[in-house]
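First comes the structure, then the notes that go with it.
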Amino acid sequence: MSLFRLDASIRVEGSQSRALGDVVEAEWTAAHPDAEIVRRHVGTDPIPATAWAAAVNGSYLPEADRSSEQTSAIDLARTEVDRLVAADALLFAVPLYNYGVSQHFKTWADLVITDPRMASGVTPATAGTPAVLATVQGGNYSAGTPREGWDHATDWMRRILEDVWQLDLRVVKREFTLVGVAPGMEQFTDVAAELREAAETQAREHGASLGRMHAAV
Ligand SMILES: Cc1cc2nc3c(=O)[nH]c(=O)nc-3n(C[C@H](O)[C@H](O)[C@H](O)COP(=O)(O)O)c2cc1C
């Protein structure tokens, strides 16, 4: 029994995505106290930006004709996918940056997709694996807010995790993490506290759900 956990925050201290991921992880651990947890910190230990192109271009060539960089990139993709495939459950803790997907998460996901087991159009090796995406954002782009629709990350991550990799996915999102941190957001103090509590409750439920699923397998 094992959990693969990926964190994409560029910081460790004070990271709210890590904190939300910790809530999910605690429930998993409560259900599986002896389970192995494999951790991947792509925000602080990123995939090189050149790896994706090297893996794609190398994949068009016979093995003997690949450069060492292409071979290394393909090997790296295989290693990343091996970790995913080996896990019984997956947890992704990913913040919103610049209205879009964390570059570190996207670089990692792009590389994973180069592996033949995870490419678009095949039944992926992860099909049916239970997973949680815990995502956070400093602002709030939900329905009815002035910048509704400016979160261009969550739908993309859902598309990859749920549709391309066919994970059995649950998503928890916490908005307004910058309230109390960034100036000018004081009027949102109460709503931010409510959103935090709601997100943590949902994270607990999702974590417990992951734990139950595997108890039943
Ligand atoms: C460089 C940078 C860009 C950010 N861009 C956005 C953004 O576009 N929208 C938003 O709501 N929050 C944005 N944030 C705020 C983060 O989403 C927020 O601080 C979140 O809590 C970061 O995750 P972490 O706490 O796990 O580090 C940004 C933060 C940083 C550092």
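Keep in mind that the numbers below use all heavy atoms, side chains included, and drop hydrogens, waters and symmetry copies. Just follow the structure's listing: the first ligand is 1, and inside any ligand the first atom is 1.
Using modelled atom types, one finds no donor on one side chain facing an acceptor on the other under 3.5 Å when comparing Ser9 with Asp7. Using modelled atom types and a 3.5 Å distance limit, the side chains of His41 and Arg5 yield no donor-acceptor pair.
Residue Gln137 has no nitrogen or oxygen atom sitting less than 3.5 Å from a nitrogen or oxygen atom of ligand 1, judged on distance alone. Residue-to-ligand polar distances keep Leu178 apart from ligand 1: every N/O pair is separated by 3.5 Å or more. For ligand 1, one of its N or O atoms has an N or O atom of Tyr99 under 3.5 Å away. Every N/O-N/O distance between Ile10 and ligand 1 stays at or above 3.5 Å. Remark: ligand 1 and Gly139 share an N or O pair separated by less than 3.5 Å (distance only, no angle test).
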Run the numbers on His32 and Trp28 for ring-ring contact (aromatic ring centres under 6.0 Å, His included), then give the verdict.
CA-CA 6 Å; His32 304 288; Trp28 162 270; 4.4 Å; yes
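The aromatic rings of Tyr99 and Trp150 sit perpendicular, their planes meeting at an angle over 60°, well past the 30° parallel limit. Using cut-offs of 30° and 60° on the angle between ring planes, the pair Phe92 and Phe105 is perpendicular.
When the options Leu96, Val12, Asn98 are ranked by their closest heavy atom to atom 3 (C) of ligand 1, first place goes to Asn98.
When each atom of ligand 1 is checked for a heavy atom of Pro95 under 4.0 Å away, the hits are 22 (C), 23 (O), 26 (O). Distances below 4.0 Å separate heavy atoms of Ser9 from the following atoms of ligand 1: 24 (P), 26 (O), 27 (O). Applying the 4.0 Å criterion to heavy atoms of Ser17 picks out, from ligand 1, the atoms 24 (P), 25 (O), 26 (O).
Annotation for Arg39: atom CZ counts as buried by contact number, over 12 foreign heavy atoms lying within 6.0 Å. Surrounding CD of Glu148 are more than 12 heavy atoms belonging to other residues, nucleotides or ligands, all under 6.0 Å away.
For the atom pair Asp168 CG and Thr126 OG1, the distance stands at 11.5 Å (nearest 0.5 Å).
At a 4.0 Å heavy-atom cut-off, ligand 1 touches Gln16 through backbone and side chain alike. For Tyr141, every heavy-atom contact with ligand 1 shorter than 4.0 Å involves the side chain, none the backbone. With a 4.0 Å cut-off on non-hydrogen atoms, Thr177 touches ligand 1 through its side chain and not its backbone.
The protein heavy atom nearest to atom 31 (C) of ligand 1 is Tyr97 CE2, 4.0 Å. Of the protein's heavy atoms, Gly138 N, 3.1 Å lies nearest to atom 12 (N) of ligand 1.
Val191 approaches Phe176 most closely through the heavy-atom pair CG1-CE1, 3.7 Å.
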